[in-house]
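Only one structure is covered here, and it is reproduced in the block below.
Naming: A, B, ... by sequence-line order, numbering from 1 per chain.
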Amino acid sequence: MDYKKLADMLFPNITKTISYYEETLFPDRGLPDGAKVTRLAPSPTGFIHLGNLYGAFVDERLAHQSNGVFILRIEDTDEKRKVEGAVETIINSLEFFDLRFDEGAGINGETGNYGPYFQSNRAEIYQTVAKHLIEMGRAYPCFCSEEELSKIREQQIAENVNTGYYGKWAVDRDLTLEEVKKHLDNNDSFVIRFKSMGNPEDTFEIDDAIRGRISSPVNFQDIVLLKANGIPTYHFAHVVDDHLMRVTHVVRGEEWLSTLPIHYELFTTLGWDLPVYCHTAHLMKMDNGVKRKLSKRKDPELGLEYYMQLGYHPAAVREYLMTILNSNFEEWRIQNPDSSIDDFPFTLDKMSNSGALFDLNKLNDVSKNVLVKIPATEIYDFLLNWAKEYKKEIVNPLTEHKDAVIKLLDVGRNSDKPRKDLIYCEQIFDFISYYFDEYFKIVDNYPENIDDQEAKKLLKAYLETYNHSDDQNQWFEKIRVIAAENGYAAKPKDYKKNPEMYKGHVGDVSTVIRIAIMGRSTSPDIWELQQIMGEEKVRNRIQSLI
RNA sequence: GGCCCAUUGGUCAAGUGGUUAAGACAUCGCCCUUUCACGGCGGUAACAGGGGUUCGAAUCCCCUAUGGGUCACCA
């Protein structure tokens, strides 16, 4: 068989060679030792989720920690799945979470010398490599129709052998030049298949940077390299692109583990070095007592949009992700409370290889601790930007009362034991919403031992002695007096000792006041809040209840 | 079904032949305290099961179970 002739017959217009690409167009990057080149390679379906972010974070850290390069490559080889505007969505989402690309697809076109970065624009490159494989006798055209393929499949099932296109089942494997020519003249559509030399009995071993040594049977399937439209399958595109883009580390989900043998055979057949594979575990979720993979249909918390809508701070999400990415991160964080997350020495071998359960509780806890370190003015800006996008009706109130809001956000945060009330925007706004008259609502009930009449009496007394310029101590002493005068213990300890002597204690009195002013039975310090709200607002709220 | 991967408290997890089996979140109790939050102290709670190997196994091997992935001209 004259493979060269076959190759020219199939690809008469391909005149470039692999070495042209390897040496002239995409030469070695000349990066310092240890610099890692990684890539995020999403398909433009318009849906980017937490799992993507998780993997992207690994790519980003690997590249930027080693002075390497982080590439965005768009895997748009499947026309059916393309979604308009998806690339913009992907870039915007990743940027929101502070993941920056050095190279590849971008909002304003591509940057970098190893493009194009859209696979749909790389057809000539793939065809050059395919042609080369045909010349080697390791690829061939296959003219089988879908019907023929499913017929083969049926028979394999009937005979109880492995399904697929391989060995003696690969009927077009040894077509003669004349047969190929006849098909071509007939304008029959065809794909290019890889000619596998693998024996299903053989196994190979490979080191995965996350999972360690893994072994599996070698590939023996003649998988499709180029589809009928001349566009490559994922397998072929992965091998060609990652080689030519000089990618050193391939980070991808564990669903790719089972096709690793294909990639292994492709790389070795072409005589190319394998990248370091890093197969990440899936994010899981607890559902009715069983652990299962997060699903984009059933689980809104998988979508990045979910966190953006609730207004989680990107730094909090990153921080949380890092805690599940590297098991020693939390320990490091305790020792380096004020360091940037970028200073943490992220390593692949500290990554778990079993699926982590996504834990909203933990995210919230992490978020509290992240936000407590962010200045109130910055939180204000973040809150405002969030509102502009997701809760427009509060933009005006927020802007009009900017100074007060900043103070409210900062209450109790500037001490050795700062309050950690702030988690995410939706919750933060709720937390301070009582300030705004249009959102103020009485949601909690007075303590059980106090009825409406009693509450009115206490509030009246409070209003009569209220002096807005009292300091915190003077203010609270007055409350103790009111308590005592009305039969409440001025100190909770007194009440505890002799509960039968009192109607309650000073805490009950302050609760009544808190409810009158804030509408709820829990809040930060009343005096501080009153100072922020101003005398008029305080007096009005009390007045309206008596 | 074949093949591959995984399995330590409710969750994330440390652990790589000898540990009282860490720590964090959650939970519960106590303390601090005018509420809440913060903080402090303490408690409950785990090596999926069964066989080996070994003086000794969470750690090595085998089997079983469970969960996950994959078997496309999708990625």
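Among B:A37, B:G69, B:U34, the nucleotide with an atom closest to any side-chain atom of A:Ser258 is B:G69. Here the side chain of A:Glu330 is nearest to one of B:C73, B:C36, B:A24, namely B:A24. Distances were taken from every side-chain heavy atom of A:Lys496 (C-beta onward) to each of B:A75, B:U33, B:U34; the shortest belongs to B:U33. Closest to the side chain of A:Thr163, out of B:C71, B:C73, B:A75, is B:C71. The listed nucleotides are B:C5, B:A75, B:C73; the one nearest the side chain of A:Ile214 is B:C5. When distances run from any side-chain atom of A:Lys227 to the nucleotides B:U11, B:G68, B:C74, the shortest one goes to B:C74. Picking from B:C4, B:A14, B:A75 the nucleotide with the shortest atom distance to the side chain of A:Ser216 gives B:C4. In this structure, the nucleotide among B:C38, B:C12, B:A37 sitting nearest to the side chain of A:Pro418 is B:C38. Comparing atom distances between the A:Thr511 side chain and each of B:C25, B:U35, B:C73 picks out B:U35 as nearest. Among the nucleotides B:G2, B:G69, B:C73, the one closest to any side-chain atom of A:Asn162 is B:G2.
Ion pair A:Glu124/A:Arg122 not flagged as a salt bridge, since none of the NZ, NE, NH1 or NH2 atoms sits closer than 4.0 Å to an Asp/Glu carboxylate oxygen. Ion pair A:Glu265/A:Arg138 flagged as a salt bridge, since at least one NZ, NE, NH1 or NH2 atom sits closer than 4.0 Å to an Asp/Glu carboxylate oxygen.
Contacts of A:Arg333 with the nucleic acid, taken as non-hydrogen atoms under 4.0 Å apart, are absent. Residue A:Lys420 is classed as a sugar-phosphate contact, given heavy-atom separations below 4.0 Å to backbone atoms only.
Between A:Tyr166 and A:Trp169, the ring planes are tilted. Angles from 30° to 60° get that label.
Judged by atom type and distance alone, A:Thr522 does not reach the base of B:U35 through any side-chain donor-acceptor pair under 3.5 Å. Interface remark: the A:Arg520 side chain does not form any donor-acceptor pair with the B:C36 base, using a distance-only criterion of under 3.5 Å.
Here the side chains of A:Leu545 and A:Arg541 are not in contact, with every heavy-atom distance at 4.5 Å or above.
Taking atom C1' in both B:G18 and B:A37, the straight-line distance is 45 Å, to the nearest Å. For the C1' atoms, the distance linking B:C63 with B:C41 amounts to 47 Å, nearest Å.
You'll find the ring centres of A:Tyr312 and A:Tyr424 inside the 6.0 Å limit. Ring centroids of A:Trp256 and A:Tyr234 are separated by less than 6.0 Å, placing the two rings close together.
Stem list for RNA chain B (at least 3 consecutive Watson-Crick or G-U pairs, distances under 3.5 Å): B:1-7 with B:65-71, B:10-12 with B:23-25, B:27-31 with B:39-43, B:48-52 with B:60-64.
Of the possible polar contacts, one joining the A:Gln221 side chain to the A:Thr163 backbone as a donor-acceptor pair under 3.5 Å is found.
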